[in-house]
Amino acid sequence: MRRIALLTSGGDAPGMNATIRAVVRYAINNARLDVFGVERGYEGLIKGSLQRMDSRSVSGIINRGGTILKTARCPEFATEKGLETAHEVLKAFGIDGLIVIGGDGSLRGMGELYAKYKFPCIGIPGTIDNDLGYTDYTLGFDTTVNTVLSAIGNIRDTMTSHDRACILEVMGRECGDIALYAGLAGGAETMLIPEMPIDIDKVVAQIKRNIIKGKASDIIVLAEGVSGCEELKQQIKEKFNMTIRTVKLGYIQRGGIPSAQDRIFGARCAVRAVDLLTEGKHGRAVGLKDNKIIDVDIDKALKAKREVDKEIYRIAGLLS
Ligand code: ADP
Ligand code: F6P
């Protein structure tokens, strides 16, 4: 292994830059590899947008959100032709190994490249969603939860002043972890997540109970995969006519200064990913189990079913 490439793909996540920095520096300084950065994920791989990186090229990025390599969604990579072109580009640049930082889709793409061409690659789970079954944690999740937590605090202040309820819609199409963890940490009254069936009557009953308890504000954290905040507001108002404000947090959640946890997790994953490439252990995804860095066969990783943490869900329900 002499020359590796690195890309970020799919939705970006805070901590991707810290991970890029760690891959580049560890690969150059410790593994004596040449490193190429691929711009815009699989799109850049197909187009041959690769640039040599050195230790200085990753200066001053450890604290920056987003990804200096940029990212993209690239439907072409999911076709036979796209995959073939990407493989040809890798060969043309003399690349011996590839590190992919991205979410479920990006790791699936990497899995295809490995399955079809046995091209040496390693995946690092980079997504704010925390929605990958094989790992307890995905890069960016902690920062995002803290961003949502800060929003809950601000919303709580003004809702309390006005004796109001508010629905806060957060990201998470199939996984409600952002809503659940931020809701628990922020003392939200209700968390609605796609993994659990929603019952509007129960939501309304909870709001009524909170009013009787004398609560001055009521915050419902809603994962986008359940419904939109305006739609939910309408559904509630049809059963109980009350004042409800809505906030859709949107992309604020995906940017921002990465937390210490995300920078450290990124560094740990980066080192394992480079080690795996140089040790000839390929087609694997790096992750976290019981606070230890693990690596799992990519097929197995992608088949692992993601389940909501029942304990967290139970505690959140009990304390609201
Ligand atoms: P994320 O990685 O954040 O889940 P996407 O689901 O959009 O984001 O996937 C990112 C990219 O990974 C896609 O645009 C596509 O290029 C690639 N990809 C996703 N699924 C597959 C697949 N089944 N086969 C090949 N490539 C895929
Ligand atoms: O990165 C994951 C995610 O943030 C989802 O939670 C969200 O639904 C989606 O990406 C939106 O991303 P985009 O608008 O960039 O496609």
Side-chain angles (χ1 to χ4, degrees), residues 7-16 19 38-47 49 65-67 69-87 89-90 98-117 119 121 123-135 138-145 147-148 168-182 193-195 221-229 248-256 258 262 283 285-287 298-299 301-304 306:
L7 62 82
T8 49
S9 165
D12 65 350
M16 279 184 166
T19 312
V38 183
E39 276 185 8
R40 297 187 175 79
Y42 294 127
E43 190 185 300
L45 204 51
I46 289 172
K47 288 186 178 154
S49 312
T67 159
L69 289 176
K70 297 194 169 259
T71 185
R73 313 221 189 238
C74 174
E76 200 188 339
F77 188 74
T79 66
E80 288 233 342
K81 182 83 196 90
L83 205 61
E84 192 188 334
T85 311
H87 183 237
V89 168
L90 285 166
L98 174 69
I99 294 177
V100 171
I101 309 171
D104 180 69
S106 304
L107 298 195
R108 262 172 220 289
M110 188 202 93
E112 293 293 321
L113 186 67
Y114 185 70
K116 182 132 196 227
Y117 298 103
F119 191 84
C121 31
I124 293 178
T127 166
I128 64 165
D129 289 335
N130 207 32
D131 60 349
L132 289 162
Y134 78 93
T135 175
T138 65
L139 184 73
F141 177 66
D142 181 63
T143 305
T144 296
V145 166
T147 302
V148 175
L168 170 63
E169 182 186 324
V170 299
M171 283 183 172
R173 282 182 286 209
E174 274 147 37
C175 176
D177 277 12
I178 295 173
L180 192 56
Y181 284 71
I193 60 172
E195 295 92 333
V221 186
L222 168 71
E224 65 182 334
V226 176
S227 97
C229 53
K248 181 173 174 167
L249 210 50
Y251 295 103
I252 286 169
Q253 292 160 92
R254 225 163 57 181
D262 282 321
V286 175
I298 186 66
D299 261 358
L302 295 172
K303 279 188 189 127
R306 169 81 199 155

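One-based numbering, in listed order, for ligands and for the atoms of each. If you read the sequence from its start, that first residue is 1, and numbering goes on from there.
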Give, for atom [atom1] of [X] and atom [atom2] of [Y], the distance between the pair rounded to the nearest 0.5 Å.
| X | Y | atom1 | atom2 | value |
| --- | --- | --- | --- | --- |
| Leu7 | Leu45 | CG | CG | 6.0 Å |
| Ile46 | Arg40 | CD1 | CZ | 14.0 Å |
| Leu69 | Asp12 | CG | CG | 12.0 Å |

| task | Check whether any N or O atom of Gly11, backbone or side chain, sits under 3.5 Å from an N or O atom of ligand 1, and answer yes or no. | result |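 It does: an N or O of Gly11 is found under 3.5 Å from an N or O of ligand 1.
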| request: Report yes if some N/O of Ala72 lies less than 3.5 Å from some N/O of ligand 1; otherwise report no. | output: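 In this structure, Ala72 places no N or O atom under 3.5 Å from an N or O of ligand 1.
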Which of the atoms of ligand 2 are close to [X], meaning less than 4.0 Å from one of its heavy atoms?
| X | answer |
| --- | --- |
| Asp129 | 2 (C), 3 (C), 5 (C), 6 (O) |
| Gly172 | 6 (O) |
| Glu224 | 5 (C), 6 (O), 7 (C), 8 (O) |
| Gly11 | 1 (O) |
| Arg73 | 10 (O), 12 (O), 13 (P), 15 (O), 16 (O) |
| Met171 | 4 (O), 6 (O) |
| Tyr251 | 13 (P), 14 (O) |

Just which atoms of ligand 1 are under 4.0 Å from any heavy atom in [X]?
| X | result |
| --- | --- |
| Ala78 | 24 (N), 25 (C), 26 (N) |
| Phe77 | 16 (O), 26 (N) |
| Tyr42 | 12 (O), 16 (O), 17 (C) |
| Gly109 | 25 (C), 26 (N), 27 (C) |

Quick one: nearest non-hydrogen protein atom to [atom], plus distance?
| atom | answer |
| --- | --- |
| atom 11 (C) of ligand 2 | Arg254 NH1, 3.6 Å |
| atom 2 (O) of ligand 1 | Ser106 OG, 2.5 Å |
| atom 23 (N) of ligand 1 | Arg108 CB, 4.0 Å |
| atom 14 (O) of ligand 1 | Cys74 N, 2.5 Å |
| atom 7 (O) of ligand 1 | Arg73 NH1, 2.9 Å |
| atom 9 (C) of ligand 2 | Arg173 NH2, 3.5 Å |
| atom 6 (O) of ligand 1 | Gly105 CA, 3.5 Å |

| message | Heavy-atom contact check, 4.0 Å cutoff: does Asp104 meet ligand 1? | response |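 Yes; Asp104 lies near enough to ligand 1 that a heavy-atom distance drops under 4.0 Å.
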| task | Of the side chain and backbone of Glu112, name the one, both, or neither that has a heavy atom under 4.0 Å from an atom of ligand 1. | result |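 It is the side chain that touches ligand 1; the backbone stays farther off.
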| query | Salt bridge or not for Asp129 and Arg306, using N-O below 4.0 Å? | reply |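 Not counted as a salt bridge, because no side-chain N and carboxylate O are separated by less than 4.0 Å.
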| request: Run the salt-bridge test on Glu112 and Lys116 with the 4.0 Å N-O cut-off and return the result as yes or no. | output: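 Judged by the 4.0 Å cut-off on N to carboxylate O distance, Glu112 and Lys116 do not form a salt bridge.
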| Flag, side chain of Thr71 to backbone of Gly10, donor-acceptor distance under 3.5 Å |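 Indeed, once roles are kept as given, a pair shorter than 3.5 Å links the two residues.
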| Backbone N/O of Asp131 and side chain of Glu174: donor-acceptor pair under 3.5 Å |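 Between the backbone of Asp131 and the side chain of Glu174 there is no qualifying donor-acceptor contact (under 3.5 Å).
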| With sequence neighbours excluded, residues passing ring-ring contact (aromatic ring centres under 6.0 Å, His included) with Phe77 |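 Phe77 satisfies ring-ring contact (aromatic ring centres under 6.0 Å, His included) with Tyr42 only.
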| task | Decide yes or no for Val170 and Gln253: does some side-chain heavy atom of the first lie under 4.5 Å from some side-chain heavy atom of the second? | result |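 In short, these two side chains touch, coming nearer than 4.5 Å.
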| request: Hey, can you tell me if His87 and Phe119 have their rings parallel, tilted or perpendicular (30° and 60° cut-offs)? | output: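 His87 vs Phe119 ring planes: perpendicular.
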